[in-house]
Amino acid sequence: MAKGKGKGPDLREMEIRWAEYWEKAGVYRYDPTRGRDETFVVDTPPPTVSGSLHIGHMFSFTHTDLMVRYRRMKGDNIFYPMGWDDNGLPTERRVQNVFNVRCDPTLPYDDDLKLEWGREGDVLSVSRTNFIELCDEVVQEDEKKFQEVFQTLGLSVDWNETYATINRRSRYVSQLSFLNLVKKGHAELRDAPTMWDVDFQSAVAQAEVEDRERDGAFYKIRFDVEGGGDFHIATTRPELLPACIAVTAHPDDKRYANLIGKNAITPLFEAPVPIIADEAADPEKGTGILMICTFGDAQDVEWWRELGVPAREVIARNGSILAAPWGESPWLSNDPERAKTFHDKLVGLSINQARRAVAEMLEEAGVLDGEPEKTRRPVKFYEKGERPLEFVVSRQWFIPVMDKKEQLIEQGRKIAWHPDMFRKRYEDWVEGLNLDWCVSRQRYFGVPIPVWYAVDDDGHVDYDKKFFPAPEELPIDPSEQAPPGYTEDQRGAPGGFVGDPDIFDTWATSALTPLIPSGWPHDLDRHKALYPNNLRPNAHDIIRTWDFVTITRSYLEDGSIPWSDVAISGWILDPDRKKMGKSKGNAMVPTAMLEEFGADAVRYWSASAKLGVDTTFDNNVLREGKRLVTKLLNASRLIRGYEGAGASPTHPLDRALIARLRKVVEEADRRWSAWDHAAALAVTESWFWSDFTDNYLELSKARAYEGDASAIGTLRLALDVVLRLLAPVLIYATEEVWNQGAEPQGSIHTSPWPSPDELEGEDEGGFDAAVLVLTQIRKAKSDASVSIKFPVRNIQVRGPAAQLKILEPVLSDVLTTGSVETYELVPDEGAESLQVSVTLGDAPASPDR
RNA sequence: GGUCGGUUAGCUCAGCGGGAGAGCGCUCCGUUCACACCGGAGAGGUCACUGGUUCGAUCCCAGUACCGACCACCA
C-alpha cells in the first residue's frame, strides 16, 4: 500500500487478481481461425529495452491499448504483439558496462565463456558471437522488467506473441528482405562520401542526424589568383584548407565575376584550384565566395561530384588528420615540398587541434585578415554522438530513396493519419530528403549484412563480385560462415572470400516490424490474416524514422502500405515545456506513478489527452482519475446493495435517465470510432458524475431502497452500460464491479460494446426539471447554512403549465430527496422557466450541543 | 528562412458560427445511512491583438505578436 493511506479500496490487490485472471483465461489471445476483415492488427512500437521505460511510454502505449480494447469489445479479433528492440547501440553500450568487455571481431568464439554481472578488473575483449550472446543475456533481464510494468499498466497484449529485434526470426526477416531488395536493384553497395560519426566510427543515416548550435568563428583567409590579384574567403573550418578542391561564387555576384574561370591558389598548400560560378553560393554569406572541400558538408559532396576530380581527403575515420598525398599528383600543389611541411604538422591532430594549427600557420604567413569573428551556427551531429559529423569516403550499402519521393508521398496518402496534420509532417520529411538511405553500420551487435566478397588472386577484395546466401540458409553471419561453395580456410586467402564485416542500421530491421510477427513469407495464411496491419502507433518524433522506413520497405517489397492507420501520440512536457526527461531530471518514474495512483488512474491520465497533442504533466489529472475509480467502486457498491428484483424502467425519471444514457452511448461510440478517446471519455465521465451519481443516484435512493423494480432495474441497466463504456480506460475497476453481480458474466473486456438498442426511454425535459428544483432546494439550504437533510415545509414552483406538467410526474423523487413536506404548482404563462421558492421547516429536534 | 500546431478562468485543458465550459486551486456551508480519495452552494474570463465575412464571430478568412515542434540554413 502506498505511504500513509489506510483508506480507500486496495487497488493493488485488485490489479494483481485481475491481471492473473486475464492471463489465465486467455482474454487477450489472438484467434488465428478468424479472417482478416474481422481482425485488428497492431504494429506495436518495440521499446528499446536497454533504456528505461519513461512516462511517455505509459502515455502512448495506453493510447494504443485504448483503441485495441474498444475494437475488441466491438467484436474484432485482436492481434496485439509486443516487440523488444534490443538491436543496436544502447544494448551494445549496456553490455560493455555490465560485463566490462569490448567486442573484437577478429577473436575466435569461446564457447566456455561465462561472465558475471558487474564484473570488475581489466576490460576483456570477446568475439562477436560471444558479445552477441552477452547482449542476449542482458536483454532478457530487461525484457522481464518491461513486461511487468506493461502488464500492471494493463496493456491487453497477447504475451504469446512477442519478438525481439535481434532474435533469429528478426534476423531472418531482415536478411531475407534485404536480399530481395538487392535482387530488385533496390539496394546497392557504394564507395562514396557518407555522413560519419568519428567516435562511433560508423556511417549514420539522415534520419539519425540532428542540428546543434555550436560556437565557431569566421576566419578570413586571403587566396591569391593565378595571374595576379587576390580575394578573401570567410570560413569556420580552416582545417579543411588542405582539402580545398575549388572555389565558387554566385554567377550574378559582380565582385567575383572577373575571377570565374581562373585558378585560385590556396594559401600554405599552394594548390591551384578552379574558381567556378554556382547558384548555390550565397552572396550574402561570409564574403560571398567559398571553398569547396572534400568534405565539409553535403553541398561539398554535390560540387565534388560535378567537378569530377579525385577527393582530397584529410579527415580519417577516427576524426584525426590524415597524411596527405602532396607530391603524388602534380596538380595538387605548385610547391609540393612546402605544402608537405605544413601538412605534416597537422597529421594525427584532432579536428579542433588542426583548426587552431592551421589558423596559426595562416597568421604567421600573413594571410589571415583580422581577428576571427565569433559566430554561432548549427552543426550536424549523430543524435547519440558527441562530436560533429564528418563526411568520409567509405563503402556502404544504400537503399536509394531520392528517386522515389513522389511514390513514397503517395503511399503516405493511402494511410489515415490521426490526427491528419501529421501526414504533412511525413510528406515534408520525404520531400526534404537529400541523401539515400545508408543501411550499413560499422558496429558489432546487430543483424549482419549477409554478403561475402571475392578475394582475387592477388589477395585484393573484389567488391564487384559478391556472394549471397541461399534464402533457406538465413539467418547467417558472414564473419563466421563461408559462402556457398567455399570453405572457412579460404577466408581472406587469394581466390577466396571475405565476409561483409558490417551490420544493418537498427531501422533497417525495425522497418520490418509488420512482417516479423506475420509469418512472412512461409506461413502465407497467417501473413494474409495479419498484413497489412491496421494500426501503427507512435510519437511524432519518429515519423521521420520508423514510419518513414516502414512505409519505404513495404513499398519496395511489394508496393503495399504497411498499415491502414497511424495514430500519433504527443509528448509529455515538463512544466517548463520541455520534453519530460530531457530537461533537468524531474521526470516521474512509471513504477512510482502506478503505485501512487493505480493503473486505472494512469490510464485515465493518458486517455484524457487527445492524439497528437503535447501535454504538460499535471498530477491533478492522475488524482482526478483515481477519484473517478473510487467513485465508480462506491457508487457500484450502493447499487449492488439494493435488494429486490429489477424490471424494465417504467417510471418517467428512470426512462429519462436511460434516454440520456442512450445519447451518451451514441456520442461515445461516434468519438471512439473517430479515434477521439479523450472526447469519448469526457462525454461518458460527465454523464456518470453529473446525471448518474450527483443527481439520479440521490433522486432514486428512496424508491430503490423500498424495492421499486423500475428504479432497481434502471440502476442495474445503467451501471451495466456505463461500466462497459468505461472499460477501455478503467480496466480494473470496471472488471471488479462487472463481476460483483449476481451471476458471473466473464470478463467485461470481451463483452459486447454497448449499443443504443439496449436503452429504451424518453426524456421530455423531466430530468432537467427535477434537477433544477433539487438544486434550488439545495441552494436554499446552503444559503441558510443548514444540513442537506434539513426539512422543507413547502416549495412553490411557478412556471408555464406545459413545464409544470413535465415536472409533476418526477416531482415525488425530488420531494423525498429534499425532505419536502408540501408543494404547490402555480401556472404562470408569463414566466420563461420554472421559478422555485423554498420555505424551510423547523429545525428537527436535535441534541443541542 | 519554410512548414505545421498553439494562445480560452490562478493552473492543466475541453469547446469551435447563436448560451463562456470542466477538473484542480480559492470562498462559504454541510456530512459519516455508497463515497473525507466526500457532498452542496459560490466567486473568478474584453476566449492574444488588428482588420474582414456574417443578422450574429472564441469559433470562418487575412494579417500581427508571442510560445512550441519539425525542416532547411552550416562559406
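First the proteins, then the strands, lettered A, B, ... as listed; each starts at 1.
- Residue A:Lys610 places at least one side-chain N or O under 4.0 Å from the OP1 or OP2 atom of B:rA14.
- Using a 4.0 Å heavy-atom distance criterion, A:Lys701 is classed as a base contact.
- When each of A:Arg671 and A:Asp614 is assigned the nucleotide of RNA chain B bearing its nearest heavy atom, the one mapping closer to the 5' terminus is A:Asp614.
- Close to B:rC24, at under 4.0 Å from its OP1 or OP2, lies a side-chain N or O of A:Arg627.
- Distances were taken from every side-chain heavy atom of A:Asp783 (C-beta onward) to each of B:rA41, B:rC74, B:rG23; the shortest belongs to B:rA41.
- Using N1 to N3 plus N6-O4 or O6-N4 for Watson-Crick, or N1-O2 and O6-N3 for G-U wobble, each under 3.5 Å, B:rC74 pairs with nothing.
- Phosphate contact (OP1/OP2 of B:rC71, side-chain N/O of A:Arg544, threshold under 4.0 Å): present.
- With distances taken from any side-chain atom of A:Ser787 to the nucleotides B:rA34, B:rG30, B:rA41, the minimum falls on B:rG30.
- Rounding to whole angstrom units, CG of residue A:Leu633 and P of B:rC38 are separated by 13 Å.
- Residue A:Lys285 places its side chain closer to B:rC74 than to any other of B:rC74, B:rA41, B:rA34.
- When both distances must be under 3.5 Å, the Watson-Crick or G-U wobble mate of B:rG39 is B:rC29.
- Residue contacts for A:Gln776: at a heavy-atom cut-off of 4.0 Å it reaches no nucleic acid atom on any strand shown.
- As judged by a 4.0 angstrom heavy-atom cut-off over every strand, A:Ala298 is placed among residues making no nucleic acid contact.
- Atom-to-atom, CD of A:Glu698 to C1' of B:rG30 comes out at 13 Å; the value is rounded to the nearest Å.
- Straight-line distance between the C1' atoms of B:rG21 and B:rC16: roughly 13 Å, to the nearest whole Å.
- Here B:rA14 is the nucleotide among B:rA14, B:rG40, B:rC74 with the atom lying nearest to any side-chain atom of A:Val613.
- The partner of B:rA69, taking Watson-Crick or G-U wobble pairs whose two distances both stay under 3.5 Å, is B:rU3.
- A:Ala280 comes within contact range of at least one nucleobase, with a heavy-atom separation under 4.0 Å.
- Residue A:Arg778 places its side chain closer to B:rA41 than to any other of B:rA41, B:rA34, B:rC73.
- Atom CE in A:Met421 sits roughly 11 Å away from atom C1' in B:rC70 (whole-Å rounding).
- Look at A:Gln299 and you won't find any side-chain N or O under 4.0 angstrom from OP1 or OP2 of B:rA72.
- A distance-only check finds a donor-acceptor pair linking the side chain of A:Arg423 to the backbone of A:Ile415 [under 3.5 Å].
- Nucleotide B:rG10 has B:rC24 as its partner under the Watson-Crick or G-U criteria, with both atom distances under 3.5 Å.
- Among the heavy atoms of the strands lying under 4.0 Å from A:Val379 is at least one base atom, whether or not backbone atoms are also near.
- Between A:Leu240 and A:Cys293, the shortest heavy-atom contact is O-SG, 3.5 Å.
- Using a 4.0 Å heavy-atom distance criterion, A:Lys631 is classed as a base contact.
- Nucleotides B:rG23 and B:rU64, compared at atom P, are 39 Å apart to the nearest Å.
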